[in-house]
Undergrad: 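The structure under discussion is supplied below as structure tokens; questions concerning it will follow.
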Amino acid sequence: DSIIVEFKDYVMMLEAGQSEARGLAYVAETKKLIPNKPIRYVSNTHPHSDHTGGLPVLVAEGATIITQKNNEKFLDGALNTPRTLTTDTLAKNPKKAKFETIGEKKEYSDGTRTVVFYHVAPAPHSNGLTFAYLPKEKILFQADFTVTAGEPANDHVKALGPVLAKLNLDYDRYIPVHAGATPLTKADVNKALGK
């Protein structure tokens, strides 16, 4: 439920994990795979608990949170108040959460790698819902728009459909945060949407 993206001078983590334990594991694995680059950014697709549990770990790591502007007030209040659990990673290594917010679209690029974030609106799931698109790799990574092969689209995927149609993104891989064991493709998304 997370992807790491290596840029020239830093790493961007797409989603911090569902819990502090997972966030710690993701940071450790990232440092093992890419040992000499800081995790500069972590994206948050929306502020539900199963998408924010690992954020304290990444804030303690010094990463800036990329999130839709509708989420900033909530996340700022959740992360920049005194920590009451003494075993919490952020309580042990206090740092102020920093944010870069997304309106409708925001792009990060260093000339070799690009990640573009888009706001999904309207959506029944959250008014601050975003997804990430990696154009070179043709990957669409998103939050709770889970597609089950052979099943019709749920309301969340139906809300994503018009956004994808409007943007007309060239992607092959469709990776939901709550991914199943079966890899998904653009064709799976279109089939679920009845296209």
Side-chain angles (χ1 to χ4, degrees), residues 1-47 50-69 71-72 75 79 89-90 93 95-120 128-146 164 167 169-186 189:
D1 59 5
S2 183
I3 292 177
I4 54 172
V5 182
E6 183 179 7
F7 287 82
K8 286 181 194 173
D9 300 321
Y10 63 89
V11 174
M12 176 186 287
M13 185 178 290
L14 305 180
E15 290 282 285
Q18 296 179 355
S19 65
E20 183 177 15
R22 220 174 250 196
L24 287 166
Y26 290 171
V27 167
E29 187 66 15
T30 300
K31 288 180 176 184
K32 187 171 93 177
L33 294 171
I34 308 168
N36 298 315
K37 294 181 185 178
I39 302 171
R40 184 176 298 167
Y41 296 107
V42 59
S43 72
N44 168 257
T45 57
H46 62 297
D50 58 333
H51 296 268
T52 59
L55 285 177
V57 173
L58 276 295
V59 171
E61 193 66 31
T64 297
I65 299 168
I66 301 167
T67 194
Q68 210 279 330
K69 64 182 179 181
N71 305 328
E72 184 178 15
L75 292 174
L79 296 165
T89 303
L90 192 52
N93 186 15
K95 291 193 177 156
K96 183 169 174 52
K98 302 170 291 190
F99 300 92
E100 287 190 15
T101 59
I102 302 160
E104 295 307 308
K105 174 184 175 184
K106 188 163 192 159
E107 180 176 311
Y108 291 81
S109 183
D110 64 0
T112 59
R113 176 71 40 81
T114 300
V115 178
V116 186
F117 295 95
Y118 293 96
H119 180 214
V120 180
L129 199 57
T130 62
F131 68 86
Y133 173 58
L134 288 75
K136 182 178 177 183
E137 296 79 7
K138 296 186 177 186
I139 293 173
L140 194 146
F141 177 78
Q142 52 67 42
D144 288 338
F145 301 109
T146 302
L164 294 179
L167 295 172
L169 301 175
D170 183 20
Y171 68 96
D172 296 327
R173 298 261 334 261
Y174 180 81
I175 304 174
V177 169
H178 304 299
T182 306
L184 296 169
T185 66
K186 185 176 187 176
V189 176

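Starting from 1, each residue takes its place in the sequence as its number.
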Undergrad: Going by the angle between their ring planes, with limits at 30° and 60°, are F117 and Y108 parallel, tilted or perpendicular?
TA: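 Taking Y108 first and then F117, their aromatic rings stand perpendicular (interplane angle over 60°).
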Undergrad: Using a 4.5 Å cut-off on heavy atoms from C-beta on, say whether the side chain of Q142 contacts that of P176.
TA: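 Yes, close enough: below the 4.5 Å cut-off.
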Undergrad: Can you tell me how far apart CG (L134) and CZ (F141) are? Round to the nearest 0.5 Å.
TA: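 It is 9.5 Å, given to the nearest 0.5 Å.
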Undergrad: Report yes if some heavy atom in the side chain of Y171 is under 4.5 Å from a heavy atom in the side chain of R173; otherwise report no.
TA: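 Result no, sub-4.5 Å side-chain heavy-atom pair not found.
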Undergrad: Determine, stepwise, if the pair T114 / E107 fulfils side-chain hydrogen bond (donor to acceptor under 3.5 Å, both in side chains).
TA: CA-CA 7 Å; T114 300; E107 180 176 311; 4.7 Å; no
Undergrad: Where is the tightest heavy-atom contact between Y26 and S2, given as atom of each residue plus distance?
TA: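 Nearest heavy atoms, Y26 then S2: CE1-CB, 3.4 Å.
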Undergrad: Does R113 come within less than 4.0 Å of E137, counting only side-chain N to carboxylate O?
TA: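 Between E137 and R113 there is a salt bridge, with a charged N closer than 4.0 Å to a carboxylate O.
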Undergrad: For Q68 and H46, what are the C-alpha separation, side-chain angles and deciding distance, and is it a side-chain hydrogen bond (donor to acceptor under 3.5 Å, both in side chains)?
TA: CA-CA 7 Å; Q68 210 279 330; H46 62 297; over 6 Å; no
Undergrad: For R22, is there any backbone N or O sitting under 3.5 Å from a side-chain donor or acceptor partner on S19?
TA: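 Answer holds: yes.
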Undergrad: About how many Å separate CD1 of I65 and OG1 of T101, when rounded to the nearest 0.5 Å?
TA: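 It is 12.0 Å, given to the nearest 0.5 Å.
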Undergrad: Can you tell me how far apart CG (L79) and NZ (K96) are? Round to the nearest 0.5 Å.
TA: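 Interatomic distance, L79 CG to K96 NZ, rounded to 0.5 Å: 10.0 Å.
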Undergrad: How long is the straight-line distance from CG of D172 back to OG1 of T185, given to the nearest 0.5 Å?
TA: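 One finds 8.5 Å between OG1 of T185 and CG of D172.
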Undergrad: Please walk me through it: do H178 and D144 pass side-chain hydrogen bond (donor to acceptor under 3.5 Å, both in side chains)?
TA: CA-CA 7 Å; H178 304 299; D144 288 338; 2.8 Å; yes
Undergrad: Can you give me the closest heavy-atom contact between A143 and T45, atom names plus distance?
TA: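 Taking A143 first and T45 second, the nearest heavy atoms are CB-OG1, 3.2 Å.
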Undergrad: Show me the donor-acceptor pairs, under 3.5 Å and distance only, between side chains in residues 4-11 and residues at least two apart or in other chains.
TA:
from	atom 1	to	atom 2	distance (Å)
E6	OE2	K37	NZ	2.7
K8	NZ	D110	O	3.2

Undergrad: If we only count heavy atoms from C-beta on, is the E15 to N44 side-chain gap below 4.5 Å?
TA: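 In contact.
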Undergrad: Sequence neighbours left out, what passes side-chain contact (heavy atoms from CB on, under 4.5 Å) with K136? Give chain and number order.
TA: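 So K136 forms no side-chain contact (heavy atoms from CB on, under 4.5 Å) with any residue.
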Undergrad: Is there a donor-acceptor pair under 3.5 Å between the side chain of Y118 and the backbone N or O of L164?
TA: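 No, because the side chain of Y118 does not come within donor-acceptor range (under 3.5 Å) of the backbone of L164.
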Undergrad: Taking side chain as C-beta onward, heavy atoms only, is Y41 less than 4.5 Å from V115?
TA: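 A side-chain contact is absent here, since even the closest heavy-atom pair is not under 4.5 Å.
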Undergrad: Can you tell me if K69 has over 12 outside heavy atoms packed within less than 6.0 Å of its NZ?
TA: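 No.
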Undergrad: Kindly give the heavy-atom pair with the smallest separation between N93 and A60, and that separation in Å.
TA: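 Minimum heavy-atom contact is ND2-O, 3.0 Å.
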Undergrad: Could you pull out all residues at least two apart from L24 that satisfy side-chain contact (heavy atoms from CB on, under 4.5 Å)?
TA: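 Only E20, V57, T89 meet the side-chain contact (heavy atoms from CB on, under 4.5 Å) criterion with L24.
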Undergrad: What heavy-atom pair brings H119 and L129 nearest, and what distance separates the two atoms?
TA: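 What the structure gives for the nearest pair is CD2-O, 3.2 Å.
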Undergrad: State, with a plain yes or no, whether a side-chain heavy atom of T130 is found less than 4.5 Å away from one of I66.
TA: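 Of all side-chain heavy-atom pairs linking I66 with T130, none is under 4.5 Å.
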Undergrad: Look up atom OH in Y174 and atom CG in L140, then write down how far apart they are to the nearest 0.5 Å.
TA: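 Going from the OH atom of Y174 to the CG atom of L140 covers 7.0 Å.
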Undergrad: Any chance you could measure L90, atom CG, to L58, atom CG, to the nearest 0.5 Å?
TA: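 Reported to 0.5 Å precision, the distance equals 10.5 Å.
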Undergrad: With a 4.5 Å cut-off on side-chain heavy atoms, are L184 and V189 touching?
TA: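 V189 vs L184: side chains apart.
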Undergrad: With a 4.5 Å limit on heavy-atom distance, are the side chains of K31 and E61 in contact?
TA: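 Yes, close enough: below the 4.5 Å cut-off.
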Undergrad: For the pair K32 and E29, find out whether any cationic side-chain nitrogen is under 4.0 Å from an anionic carboxylate oxygen.
TA: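 Salt bridge present between K32 and E29.
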Undergrad: Looking at every non-hydrogen atom in both residues, tell me the closest pair between V116 and K105 and how far apart they are.
TA: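 Of all heavy-atom pairs spanning V116 and K105, the closest is CG1-CE, 3.7 Å.
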Undergrad: With a 4.5 Å heavy-atom cut-off, do L167 and F131 have their side chains touching?
TA: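 Yes, their side chains come closer than 4.5 Å.
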